[in-house]
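Everything numeric here is computed off the predicted structure, so don't read it as measured data.
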Amino acid sequence: MAIHSLTTSPASSLLLPPRKLIKSSFIQCCKTQNESIELSTNGKASFPEKSLQKQPLNNLPPRPRRIILVRHGQSQGNVDESVYTRIADPKIALTEKGKAQAEECGKRIREMIEKDEADDWKVYFYVSPYKRTRETLQNLARAFERSRIAGMREEPRLREQDFGNFQDRERMRAEKAIRMLYGRFFFRFPNGESAADVYDRVTGFRETLRADIDIGRFQPPGEQSPNMNLVIVSHGLTLRVFLMRWYKWTVEQYEKLHNFGNGGMVVMERGFGGRYSLLMHHTEEELKEFGLTDEMLMDQEWQKFARPGELNYDFPMMNSFFTHFKHDDCQ
């Protein structure tokens, strides 16, 4: 609310009784802009992420043990593509097989967590608002009692790539064929999105997720457990783009990745230095089958031991991209 300087004319002072000034403890006169920022409480609202720069790194909450990426179970659209012509994509449900896949995925996640032999572990869920992802989470979460679930958040930026509204089956087949010629990352569907568009909104979600991790927003009040597990329930392309953005993979590397299976998961686990590596949980063979190249695997090995904020100066792609390094005079 703006504060204006008011002057009262003699005539108006005869008609209106004098007003009492209301004192506010929130308005203070400051000598400098920096001092004003320091003293401001914004009406006593608390925004802890704005104080992260002042907070020593060793005082930050513990990072979650894992970030687990889960693709939804089998949906009606996975079985019959004609469903997209009469049901809006966000309203497409799981099949009975898809529900069973989701429930089995929840059991696998619990078994993996219990191998840590920690008593204070919990899970926190982020989920796409589409019906098939919400139903996946509902069935997946059957593996966890209430005391183990720290919370959940519906996150629209985790939604499926937009292919347009109600889809014409034959036209969509033609568009997907053209996409393979044009390139899977940059091709934009008419009235829809490209993978590059998904990358932009996933970037926004990633920044929110990093802030949540740094603040410990998903930690229950008064708790600072290093055994928190984040589970992101979303869609195949969205999750591949998320990995691309997190690990700074190139467009070429992204286009060589294979999709998750329905009810499948990829696990980013905290390494020895605090960063997340796929090699903490998965084998090299599994990651190669997913589409990771030798260069990407070498970087994942580095991620196992690196600390947050460190830069991989020996990133293997440097030598393959800059071909002039092959010459003796450029060593």
Side-chain angles (χ1 to χ4, degrees), residues 57 63-64 66-69 71 157-158 161 179-188 193-211 213-214 230 232 234-261 264-331:
L57 290 177
R63 302 188 110 201
R66 299 177 184 87
I67 302 174
I68 304 167
L69 311 182
R71 184 188 176 200
R157 289 172 292 184
L158 290 173
Q161 177 184 9
R179 177 178 64 171
M180 296 305 295
L181 295 174
Y182 191 91
R184 290 194 295 138
F185 187 74
F186 292 111
F187 180 83
R188 178 181 287 119
E193 289 181 305
S194 65
D197 296 322
V198 178
Y199 183 96
D200 292 340
R201 58 175 160 87
V202 164
T203 295
F205 168 71
R206 173 182 175 272
E207 296 310 307
T208 298
L209 179 62
R210 289 188 62 180
I213 289 173
D214 290 340
L230 305 185
I232 299 175
S234 185
H235 309 264
L237 181 139
T238 306
L239 294 174
R240 298 197 306 276
V241 169
F242 175 86
L243 287 167
M244 174 192 182
R245 179 64 184 87
W246 188 280
Y247 291 116
K248 302 176 178 62
W249 292 339
T250 67
V251 171
E252 182 180 1
Q253 289 169 334
Y254 161 80
E255 291 188 331
K256 292 179 180 178
L257 297 176
H258 303 294
N259 201 2
F260 293 39
M265 65 181 184
V266 169
V267 180
M268 304 163 58
E269 187 166 331
R270 191 178 68 229
F272 304 106
R275 296 177 73 110
Y276 293 98
S277 171
L278 301 177
L279 279 173
M280 291 296 295
H281 176 81
H282 299 282
T283 65
E284 288 190 8
E285 289 71 24
E286 288 174 333
L287 295 178
K288 283 183 177 180
E289 187 176 347
F290 180 47
L292 269 68
T293 64
D294 288 340
E295 289 181 340
M296 297 162 77
L297 289 171
M298 290 171 65
D299 183 61
Q300 289 300 314
E301 185 66 27
W302 176 84
Q303 301 276 354
K304 284 173 62 175
F305 301 94
R307 292 176 296 182
E310 289 184 345
L311 179 65
N312 187 0
Y313 285 97
D314 295 321
F315 185 51
M317 185 184 168
M318 293 281 285
N319 293 327
S320 63
F321 183 83
F322 295 108
T323 56
H324 67 282
F325 291 161
K326 297 177 183 178
H327 301 293
D328 293 337
D329 57 349
C330 294
Q331 296 294 327

With sequence neighbours excluded, residues passing side chain to side chain donor-acceptor pair (under 3.5 Å) with [X]:
X: Glu310; result: Arg307
X: Arg245; result: Thr203
X: Asn312; result: Asp299
X: Arg184; result: none

Less than 4.5 Å apart, any side-chain heavy atom of [X] and any of [Y]?
X: Tyr247; Y: Leu292; result: no
X: Phe242; Y: Met268; result: yes
X: Leu279; Y: Trp302; result: no
X: Tyr199; Y: Phe185; result: yes

Open item on the list: Checking Trp246 against Leu69 for the side-chain contact (heavy atoms from CB on, under 4.5 Å) test, could you report, in this order, the C-alpha distance in whole Å, the side-chain angles of both residues, the deciding distance, and whether it holds?
Closed with: CA-CA 12 Å; Trp246 188 280; Leu69 311 182; over 6 Å; no
Salt bridge (charged side-chain N to carboxylate O under 4.0 Å, His left out) with [X]: which residues, sequence neighbours excluded?
X: Lys288; result: Asp294
X: Arg71; result: none
X: Glu301; result: Lys304
X: Glu285; result: none

Task: Pair Trp249-Leu257, side-chain contact (heavy atoms from CB on, under 4.5 Å): steps then yes or no - done: CA-CA 11 Å; Trp249 292 339; Leu257 297 176; 3.7 Å; yes
TODO: Can you measure from CD (Glu255) to CE (Met180) and round to the nearest 0.5 angstrom?
DONE: 8.5 Å
Open item on the list: Tell me every residue that passes ring pair (Phe, Tyr, Trp, His ring centres under 6.0 Å) with Phe272, counting only those two or more places apart in sequence or in another chain.
Closed with: Phe305
TODO: Apply ring pair (Phe, Tyr, Trp, His ring centres under 6.0 Å) to His282 and list each qualifying residue two or more places apart in sequence or on a separate chain.
DONE: none
Is the backbone N or O of [Y] less than 3.5 Å from a side-chain atom of [X], with the two atoms forming a donor-acceptor pair by type?
X: Ser234; Y: Leu239; value: no
X: Arg66; Y: Val267; value: no
X: Arg270; Y: Arg63; value: yes

TODO: State which residue, out of Leu209, Thr238, Leu158, fulfils the side-chain contact (heavy atoms from CB on, under 4.5 Å) condition with Val202.
DONE: Thr238
Open item on the list: Among Ile67, Leu278, Ile232, Ile68, exactly one meets side-chain contact (heavy atoms from CB on, under 4.5 Å) together with Val266. Which residue is that?
Closed with: Leu278
Open item on the list: Checking Phe322 now: which residues fulfil side-chain contact (heavy atoms from CB on, under 4.5 Å) with it, not counting sequence neighbours?
Closed with: Met318, His324, Phe325
Open item on the list: List the residues meeting side-chain contact (heavy atoms from CB on, under 4.5 Å) with Glu193, not counting sequence neighbours, and say none if there are none.
Closed with: Arg159, Gln161, Asp162, Asp197, Val198, Arg201
